Amino acid sequence: MRLSRIPIAPSPGALTSFVLAAALLAAALRLAALPAAGAEAAGDAWTQFRGDSELSGRAAGALAPDLAPAWTFKAGAGIASTAAIWQGSAYVGSLDGNLYALSLGSGALRFTYRAEGPIRSSPAVRGGVVYFGDGRGVFHAVDAVTGKRRWTYRTGAEIVSAANFAAGCVLFGSYDQSVYCLSAADGTRRWRVETEGYVNATPAVAGDAVLIAGCDGNLRRLRARTGGEVWKVGLGGYLGASPALAGGRAFIGTFGNQLVAVDLRSGQVVWRYEHPRLKFPYYSSAAVRDDLLVVGGRDKLVHALSPRTGAPLWDFATRAAVDSSPVLVGGLAVAAARSGDVFALDNRTGKEVWHFAAGSPIEASPAVAAGRLVLGTTDGTLYCFAPRGRKLTGDGTS
């Protein structure tokens, strides 16, 4: 049976209620479109090593081509840790055994947290907690606002690996030749996978896939929920770098002087690249997007390749090895050499756009957020670069 529509004129009271309900709904939709309390707009944070769970080395937003130091902070010893940036604070570990939390805007010290050993591990921030490991093999969870300890977990050897996150747990590697999955809430161990060598690298995560590179020369795909091994492939050399994931592939450099692309589904090697003349290892982790891969080499070059084929696109010569891992942001590739030189390169051509000489070797990698570049040196200086002449407020905005 088909019903006909009969127009009914609303009463004045019903019309008023309808208008009020519509106004309330519109207001609710506007509120829903705003960031939640404590949330940050894209590009305002760099919460973990390489910027995201895939370790892609990509930053949102852009960097000005005329950066200059806005402030510096001096730690008690060298900095090999890459900073994390979250809610107007920069977090960095030092070889003096301290985790420092600093105002991104001014460099003012917000808190110091004392670990049990030197910190090479790069901090990661998730859910208001900072996670990192130390040279005594202790993994720490610290309140990101107060600097108070939440929990610790002791492994069997030094931790250089940074943390990553999947399935409600925090993932990292240790020099006790193991990969760990701990409850992010209380540090309870969920699983541990033993390898045949030190685990220097940070795990990369894509869904339930955990990709971990080891000093045993193997790249492994594990299941995040169980630690079960899906596949393992030997890449023919010690792996100190972390894998970068993009387009269904993992990209990594080896101490066998090669850059390698591996299919995530099958574990098959898709391509290998080796410089025709310069045979040097890769310790730097790659930055990758669909059309470009950039990585530093101990051959004193920054290399750019096609992620699809491995064909070289350009290279940029520096004065020293490039162990620091580059960042892709806007139209730039930002890289740092052990000579202490920091470069912003046009990512289409490899031409230098900006250069800064820190005067001390650089092992750490750049962190980029909110239009700022944060980077530490081996003499213990942490730099925050901002657009030249731009005055920062206390929360890092201008």
Side-chain angles (χ1 to χ4, degrees), residues 46-51 57 59 67 69-86 89-104 106-125 130-136 138-140 142 144 147 158-163 172 200 202 240-242 283-285 296 320-327 334-343 356-369 372-386 396:
W46 180 274
T47 57
Q48 63 186 94
F49 181 63
R50 311 306 295 134
L67 296 178
W71 54 259
T72 61
F73 173 83
K74 190 72 170 180
I79 296 174
S81 165
T82 298
I85 300 170
W86 178 77
S89 292
Y91 302 87
V92 71
S94 169
L95 300 181
D96 65 8
N98 290 314
L99 175 76
Y100 296 99
L102 307 162
S103 164
L104 182 62
S106 66
L109 182 65
R110 290 184 167 167
F111 70 74
T112 301
Y113 171 87
R114 183 69 179 175
E116 293 191 24
I119 302 170
R120 292 183 178 274
S121 172
S122 300
V125 185
V130 186
Y131 300 92
F132 68 96
D134 70 26
R136 295 290 181 89
V138 179
F139 191 80
H140 301 259
V142 178
E158 179 180 7
I159 300 170
V160 174
S161 170
F172 62 94
N200 185 83
T202 299
S242 302
Y283 185 78
S284 168
S285 300
V322 184
D323 283 348
S324 174
S325 301
V327 171
V334 181
R338 289 192 64 88
S339 58
D341 294 296
V342 188
F343 305 93
F356 178 82
S360 179
I362 297 174
E363 298 178 10
S365 301
V368 176
R372 316 291 181 252
L373 166 63
V374 179
L375 181 62
T377 66
T378 59
D379 72 352
T381 303
L382 185 71
Y383 290 87
C384 177
F385 297 93

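Heads up: numbering here begins at 1 and tracks the sequence. Just so we're clear, the structure is a prediction, and the values are computed from it rather than from any experiment.
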**Request:** Could you tell me which non-hydrogen atom of Ser94 sits nearest to which non-hydrogen atom of Tyr100, and how far apart they are?
**Result:** CB-CE1, 3.9 Å
**Fill in**
Between Thr377 and Ala358, the two heavy atoms sitting closest are CG2-CB, 4.0 Å
**Item:** Non-hydrogen atoms of Ser121 and Ser81 that approach each other most closely
**Value:** O-OG, 3.2 Å
**Request:** Using modelled atom types only, decide if a donor and an acceptor are shared between the side chain of Asn98 and the backbone of Thr112 within a distance under 3.5 Å.
**Result:** no
**Prompt:** Is the backbone N or O of Leu104 less than 3.5 Å from a side-chain atom of Trp71, with the two atoms forming a donor-acceptor pair by type?
**Reply:** yes
**Asked** Can you name the nearest heavy-atom pair linking Val368 to Trp46, along with the distance?
**Response** O-CE3, 3.3 Å
**Request:** Check Ala336 against Leu375 and note the closest heavy-atom contact, atom names and distance.
**Result:** CB-CD2, 4.0 Å
**Asked** If you take all heavy atoms of Phe49 and Ser122, which pair is closest and at what distance?
**Response** CD1-OG, 3.8 Å
**Prompt:** Atom CD1 of Ile79 and atom CG of Leu382: how far apart are they, to the nearest 0.5 Å?
**Reply:** 5.0 Å
**Request:** Go through the side-chain N and O atoms of Ser285 and Arg50 and say whether any donor and acceptor fall under 3.5 Å apart.
**Result:** no
**Message:** Distance check, rounded to the nearest 0.5 Å: Tyr113 atom OH versus Leu99 atom CG?
**Reply:** 8.5 Å
**Item:** Side-chain donor/acceptor of Ser324 to backbone N/O of Ile362, under 3.5 Å
**Value:** no
**Prompt:** Say you draw a straight line from CG of Asp323 to OG of Ser365; how long is it, rounded to the nearest 0.5 Å?
**Reply:** 9.0 Å
**Item:** ring-ring contact (aromatic ring centres under 6.0 Å, His included) involving Tyr91 - partner list, sequence neighbours excluded
**Value:** none
**Message:** Quick check for you: to the nearest 0.5 Å, what is the distance between Ser360 atom OG and Arg338 atom CZ?
**Reply:** 9.5 Å
**Request:** Quick one: list whatever passes side-chain contact (heavy atoms from CB on, under 4.5 Å) with Val322, sequence neighbours left out.
**Result:** Val302, Thr318, Ala337
**Item:** Residues in salt bridge (charged side-chain N to carboxylate O under 4.0 Å, His left out) contact with Asp134, at least two apart in sequence or another chain
**Value:** none
**Message:** Between Thr381 (side chain only) and Lys74 (backbone N and O only), is there a donor and an acceptor less than 3.5 Å apart?
**Reply:** no
**Request:** Apply ring-ring contact (aromatic ring centres under 6.0 Å, His included) to Phe356 and Tyr383, showing your working.
**Result:** CA-CA 11 Å; Phe356 178 82; Tyr383 290 87; 5.4 Å; yes
**Asked** Do Leu373 and Val342 have side-chain heavy atoms sitting under 4.5 Å apart?
**Response** yes
**From CD (Glu363) to OG1 (Thr82), nearest 0.5 Å** = 10.5 Å
**Prompt:** Is Ser89 reaching over with its side chain to a backbone N or O of Ala101, donor-acceptor style, under 3.5 angstrom?
**Reply:** no
**Complete:** dist Arg372:CZ -> Ile85:CD1 (nearest 0.5 Å) comes out at 9.5 Å
